[in-house]
Amino acid sequence: MAPAITDLQAVLHSDIEELRRGIELLQTADIELIKVARSALGGPQAVARWLSLPNPSLQNAVPLELAQTPKGRAAVLESLNQIRYGMYS
């Protein structure tokens with residue numbers, strides 16, 4: 001197999017795994033969190049990506065994992081509201 005095809009397969013596999021993880025995490029999210037994220041970030045792809053990847057504003061925690069506790073959920077909502085209203089610390 002040509003190196004370019006192998007590289008492309010690796011990238012696609014990585015993207016598919018990232019989407020699969022995002023879907024699994026989104027299944028645990030509550031409706032309010034999704035609504036706030038949608039308002040702050042726009043479309044569903046942006047929401048899924050932001051919620052499922054490590055976030056520097058949350059000390060590199062994954063927002064949906066962090067949101068599993070009340071304190072973490074509050075931090076995620078605060079970060080989203082900062083994006084939503086243009087207030088960054």
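Position 1 is the first residue of the sequence, and the numbers go up from there.
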Asker: With sequence neighbours excluded, what pairs up with R38 under the side chain to side chain donor-acceptor pair (under 3.5 Å) test?
Answerer: none
Asker: With distance as the sole test, does Q68 use its side chain to make a donor-acceptor pair with the main-chain N or O of L64 at under 3.5 Å?
Answerer: yes
Asker: Looking at V62 and P54, what are the two nearest heavy atoms and their distance?
Answerer: CG2-N, 3.9 Å
Asker: Do the non-hydrogen side-chain atoms of L80 and L33 ever get within less than 4.5 Å of each other?
Answerer: yes
Asker: Mind checking whether N81 and V36 have side chains closer than 4.5 Å, heavy atoms only?
Answerer: yes
Asker: Check whether any side-chain heavy atom of I34 lies under 4.5 Å from a side-chain heavy atom of L51, and answer yes or no.
Answerer: yes
Asker: How many angstroms lie between atom CH2 of W50 and atom OG of S79, to the nearest 0.5 angstrom?
Answerer: 4.0 Å
Asker: If the threshold is 4.0 Å, N to carboxylate O, is there a salt bridge linking E32 and R73?
Answerer: yes
Asker: Measuring from atom CD of E65 to atom CG of L58, what distance do you get when rounded to the nearest 0.5 angstrom?
Answerer: 11.5 Å
Asker: Strictly distance-based, threshold 3.5 Å: is any side-chain N or O of S52 a donor or acceptor partner for the main-chain N or O of A48?
Answerer: yes
Asker: Nearest heavy-atom pair of P63 and N55: which atoms, and what distance?
Answerer: CG-CB, 4.1 Å
Asker: Between L41 and I83, is the side chain to side chain contact (heavy atoms under 4.5 Å, CB included) condition met? List the steps.
Answerer: CA-CA 8 Å; L41 303 168; I83 293 169; 4.1 Å; yes
